[in-house]
Amino acid sequence: MMADQVRINELVTAVYENLENQHDWTNLETHSQSANNAALPRPMITGLPPRRLYLHPDDQIEMLKTHSINEIEETPIMEWVLPTHLNEKLTLKEFAAVFDSLDSLQPSTPARPKRMLLATIHDDSTVVYYFIHDGIVKPRQN
């Protein structure tokens with residue numbers, strides 16, 4: 001059990017450093033407990049990328065009504081990152097538990113995050129990032 005926790009902490013540290021040093025993220029924080037001090041299913045990282053990474057299709061439609069697309073895309077928002085190793089086999093149930101735990105991390109924010117970044121680390125320390133959405137997402141409109 002302790003070896004698993006050490007391995008997970010090493011993953012979190014590697015992703016944290018990759019975001020900070022290679023991708024210029026700011027305001028990085030690691031989270032291992034919810035707002036009520038309950039343990040999270042997995043440690044998470046939050047941070048602010050240098051520019052917006054993704055615009056959800058529902059948000060895109062709403063924002064286009066009031067803003068120009070160039071103004072929207074450059075404004076960064078806080079992102080949630082889940083560090084994992086390439087050999088891990090996470091289930092949909094485990095991903096759902098992580099999304100559920102995000103609600104308890106931000107009690108002052110009424111909206112549940114619609115997505116998070118899955119940071120997958122290979123043995124050679126390469127980090128690849130994938131978006132994971134909470135539920136089904138319709139395709140973007142271009």
Side-chain angles (χ1 to χ4, degrees), residues 1-67 69 71-142:
M1 179 72 166
M2 188 61 142
D4 288 341
Q5 189 60 41
V6 169
R7 183 184 54 80
I8 289 172
N9 289 339
E10 289 172 353
L11 290 174
V12 171
T13 300
V15 171
Y16 185 102
E17 290 175 355
N18 181 265
L19 291 169
E20 182 177 46
N21 299 319
Q22 301 299 316
H23 298 286
D24 298 326
W25 282 39
T26 58
N27 300 346
L28 288 165
E29 290 184 45
T30 58
H31 306 273
S32 58
Q33 294 181 330
S34 67
N36 61 2
N37 292 327
L40 298 177
R42 293 289 296 258
M44 298 287 293
I45 299 171
T46 56
L48 195 62
R51 60 180 167 68
R52 185 179 288 262
L53 300 179
Y54 177 81
L55 185 59
H56 192 277
D58 294 339
D59 297 334
Q60 180 183 26
I61 292 168
E62 288 301 314
M63 289 181 167
L64 282 174
K65 293 176 183 176
T66 58
H67 298 85
I69 192 70
E71 179 183 335
I72 295 166
E73 289 184 3
E74 294 302 317
T75 307
I77 60 170
M78 194 65 68
E79 297 287 346
W80 291 93
V81 183
L82 174 63
T84 62
H85 189 274
L86 183 63
N87 293 337
E88 287 185 77
K89 299 196 181 343
L90 298 174
T91 65
L92 290 176
K93 184 177 182 179
E94 290 169 316
F95 285 125
V98 171
F99 272 108
D100 290 342
S101 71
L102 296 183
D103 289 341
S104 65
L105 279 173
Q106 49 186 6
S108 61
T109 306
R112 177 182 174 129
K114 296 178 183 178
R115 70 173 187 299
M116 68 177 138
L117 281 170
L118 177 70
T120 304
I121 301 177
H122 191 274
D123 289 333
D124 68 0
S125 75
T126 303
V127 183
V128 180
Y129 297 92
Y130 298 96
F131 281 112
I132 296 183
H133 294 269
D134 186 20
I136 297 173
V137 177
K138 62 186 174 187
R140 289 183 67 163
Q141 297 179 1
N142 293 327

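- Between the CD1 atom of Ile132 and the CG atom of Leu117 there is a distance of 9.0 Å, given to the nearest 0.5 Å.
- For Asp134, the salt bridge (Lys or Arg N to Asp or Glu O under 4.0 Å) partners are Arg112, not counting sequence neighbours.
- With values rounded to the nearest 0.5 angstrom, His31 atom NE2 is found 9.0 Å from Ile45 atom CD1.
- Inter-residue side-chain proximity for Leu82 and Met44 is flagged as met; some heavy-atom pair is nearer than 4.5 Å.
- Annotation: the span from Ile77 atom CD1 to Arg51 atom CZ amounts to 13.0 Å, rounded to 0.5 Å.
- Scanning for side-chain hydrogen bond (donor to acceptor under 3.5 Å, both in side chains) contacts around Glu88 gives Arg42, with sequence neighbours left out.
- Put simply, the side chain of Val98 does not reach to within 4.5 Å of the side chain of Trp80, judged on heavy atoms.
- Separating the NZ atom in Lys114 from the CZ atom in Phe99 is a distance of 12.0 Å, to the nearest 0.5 Å.
- Taking both residues in full, the closest heavy atoms of Leu118 and Phe95 are given as CD1-CE2, 4.1 Å, listed atom of the first, atom of the second, then distance.
- Among all heavy-atom pairs drawn from Pro76 and Pro50, the shortest one is CG-O, 4.2 Å.
- For the side chain to side chain contact (heavy atoms under 4.5 Å, CB included) criterion with Thr120, the lone passing option out of Thr126, Leu86, Val15 is Leu86.
- Residue Thr26 holds its OG1 atom at 7.5 Å from CE of Met78, rounded to the nearest 0.5 Å.
- Under the rule for a side-chain contact (heavy atoms from CB on, under 4.5 Å), the partners of Gln22 that lie at least two apart in sequence or sit in another chain are Asn18.
- With sequence neighbours excluded, the residues forming a side-chain contact (heavy atoms from CB on, under 4.5 Å) with Thr91 are Lys93, Glu94, listed by chain and number.
- Pro43 places none of its side-chain heavy atoms less than 4.5 Å from the side chain of Thr30.
- For Glu29 against Tyr16, the heavy-atom pair with the smallest separation is N-CE1, 4.1 Å.
- Considering only residues two or more places apart in sequence or on other chains, Asn87 meets the side-chain contact (heavy atoms from CB on, under 4.5 Å) condition with His85, Asp123.
- Between Val81 and Trp25 there is a side-chain heavy-atom pair separated by less than 4.5 Å.
- Remark: Tyr130 engages no residue in a ring pair (Phe, Tyr, Trp, His ring centres under 6.0 Å) (not counting sequence neighbours).
- Closest of all the heavy-atom pairs between Pro49 and Gly47 is CD-O, 3.6 Å.
- Using a 4.5 Å heavy-atom threshold, the side chains of Pro83 and Ile121 count as separate.
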